[in-house]
Amino acid sequence: MEQGTNKIDTSSDKGFFDRFGGKYVAEVLRRPLDELEQAFKTYMQDKSFLEELEVIRRDYIGRETPLYFAPTATKLLGGAQIYIKMEGLANTGAHKINNAIGQCLLAKRMGKKRIIAETGAGQHGLATAAACAKLGLECTVYMGEVDVRRQQPNVAAMELYGAKVHAVTSGSRTLKDAVNEAMRDWAANPDSTHYVLGSALGPAPFPDIVRTFQSVIGCEVKKQCAERGIKIGAMVACCGGGSNSIGFFEPFINTSVKDGGPRLIAVEAGGIGPGIGENASRMTGNASREGIMQGYKSRFLLDEDGQSLPTRSISAGLDYCGIGPQLAALGASGRVEFTSALDKEALDAVSFFAKNEGVLFALESSHAGAAAIKLAKEIPSDQAIVINMSGRGDKDVFITSPVFRPKEWINFLHAEIERLENAKDIHEAKSMAAN
Ligand SMILES: *Cc1c(COP(=O)(O)O)cnc(C)c1O
């Protein structure tokens, strides 16, 4: 915003990006969505709102995040200069805080006291819980019961931030059901409550709002590259719902490659292969279809009856059957190129950047790393590939360790269980904490 000339607006036309997007919701949700759209328009012009957001970004999130030149990767890959946008250094460990803080601050200005959010892997729930703790808002996170069970470290963190985690027991008890439950809560409590949606999807105006708050990533990259005289050949980001990629791409979308703009490459989860249910490739996969789900028109992984199909990815954040409508439109127009990376390639990319650069990618972000490794030779050496490292990999130790060092990890878990069952001091500490 304060970046002046860097600000580019790619907003929807009445909620639509070409034929994608829209606001396909029950009547009860129209009023809260319209009210949100109005408030967003108002506050994005409000100097005191923008100043408060700027200070929080600087002092709480830790912006701007560095643009790191990766010298060893550049040498080893033998092509483009490799740069990494270190979004994983943002407080809470990923880009999701950019959107959570923006929406929570907006909700506070709207007079809302209560925040709800959906979460799958728990990263968006965690960011929202932290933002609510920071801004003094009440927070309830809806999370499928299956996800609650398998994502305990994030559940524990959300509770530390003071959020209530509500385990959803309907349907497949995963992300899709958590979204439905959050929508139901919002429809029942529109006056007190704001629903912080976690990616650049859902009914209008969410895709515009989430992209706007995430575009701070791309605006910083544009400024950092201009200051350092870096010519960008390609920008690469992983793509789940699409919030980190669309925010990273936004300032570059309106300049085509023909007019000197960078190639924009979004990387979906290739999972274990091209079969149905083996990946989360909504743009490039075999089951990719247009449809309307959860309030918006886009591309989804659907069966012939229009029912959503199971997805699979080693990275929880990319494991979703839908993609944001703006990215679906940019894929159709060809401005954004889509590719995918397999689980195995993502794991290899984690190792590659950890060993050679001392940078630990989140498994989601390492899909972008994997694509950049393949792309490097295609881009001339006087140009850069900028990889968005949307998150850091500390959170993935429970997934990467069983793969990289299975025996040691199993031994560790056995020893931990034994230690906890016998640990008098832990029981004592707990009863002290309760008092
Ligand atoms: C959630 C998440 C993603 C995927 O979500 P997008 O909306 O596509 O950005 C990617 N990277 C990390 C680290 C995440 O936590």
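Whatever order the structure lists ligands and atoms in, that order sets their numbers, starting from 1. Computed from a prediction, not measured in an experiment: that's the story for all the values here.
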* Ring geometry between Tyr24 and Phe16 (parallel below 30°, tilted from 30 to 60°, perpendicular above 60°) -> perpendicular
* Close-contact set for ligand 1 against Gly240 heavy atoms, below 4.0 Å -> 8 (O)
* To do: Could you establish whether Cys238 and ligand 1 come within less than 4.0 Å of each other, counting only heavy atoms on the residue side?
  => yes
* **Donor-acceptor contact present, side-chain Glu364 to main-chain Gly317, <3.5 Å** => yes
* ligand 1 contact by His95, heavy-atom criterion under 4.0 angstrom -> yes
* Over 12 foreign heavy atoms within 6.0 Å of CZ, Arg312 -> no
* Taking only Lys NZ, Arg NE, NH1 and NH2, and the carboxylate oxygens of Asp or Glu, determine whether Lys23 and Glu37 approach each other closer than 4.0 Å. => yes
* What atoms of ligand 1 come within less than 4.0 Å of a heavy atom belonging to Asn244? -> 6 (P), 8 (O), 9 (O), 10 (C)
* In terms of residue, atom name and distance, what is the protein heavy atom nearest to atom 7 (O) of ligand 1? -> Ser199 OG, 2.6 Å
* Structure fact -> Per side chain to side chain contact (heavy atoms under 4.5 Å, CB included), Phe361 is matched among Cys238, Ser366, Ser351 by Ser366
* Asked: Looking only at N/O atoms, are Gly241 and ligand 1 under 3.5 Å apart anywhere?
  -> yes
* Within-cut-off N or O pair, Gly242 and ligand 1, under 3.5 Å -> yes
* Against heavy atoms of Glu364, which atoms of ligand 1 measure under 4.0 Å? -> 10 (C), 11 (N), 12 (C), 13 (C)
* Got the closest protein heavy atom to atom 4 (C) of ligand 1, with its distance? -> Gly317 O, 3.3 Å
* For atom 12 (C) of ligand 1, closest protein heavy-atom neighbour -> Ser390 OG, 3.5 Å
* Structure fact -> A student checking ligand 1 against Gly391 at a 4.0 Å heavy-atom cut-off should list atoms 13 (C)
* **Which residues share a side chain to side chain contact (heavy atoms under 4.5 Å, CB included) with Pro190, sequence neighbours left out** => Arg31, Pro32
* To do: Looking only at protein heavy atoms, identify the closest one to atom 14 (C) of ligand 1 and say how far it is in Å.
  => Lys96 NZ, 2.8 Å
* What do you reckon, is CD of Glu304 surrounded by more than 12 foreign heavy atoms closer than 6.0 Å? -> no
* Asked: Which residue owns the protein heavy atom closest to atom 6 (P) of ligand 1, what's the atom, and how far is it?
  -> Ser243 N, 3.3 Å
* Structure fact -> Per-atom filter on ligand 1: closer than 4.0 angstrom to a heavy atom of Gln123 are 15 (O)
* Does Glu54 come within less than 4.0 Å of Arg58, counting only side-chain N to carboxylate O? -> no
* Taking atom NZ of Lys344 as the centre, report whether more than 12 heavy atoms of other residues, nucleotides or ligands fall under 6.0 Å from it. => no
* Taking Asp177 for its side chain and Ser172 for its backbone only, find out whether a donor-acceptor pair lies under 3.5 Å. => yes
* Asked: With a 4.0 Å heavy-atom cut-off (strictly under), which part of His124 contacts ligand 1: side chain, backbone, both or neither?
  -> neither
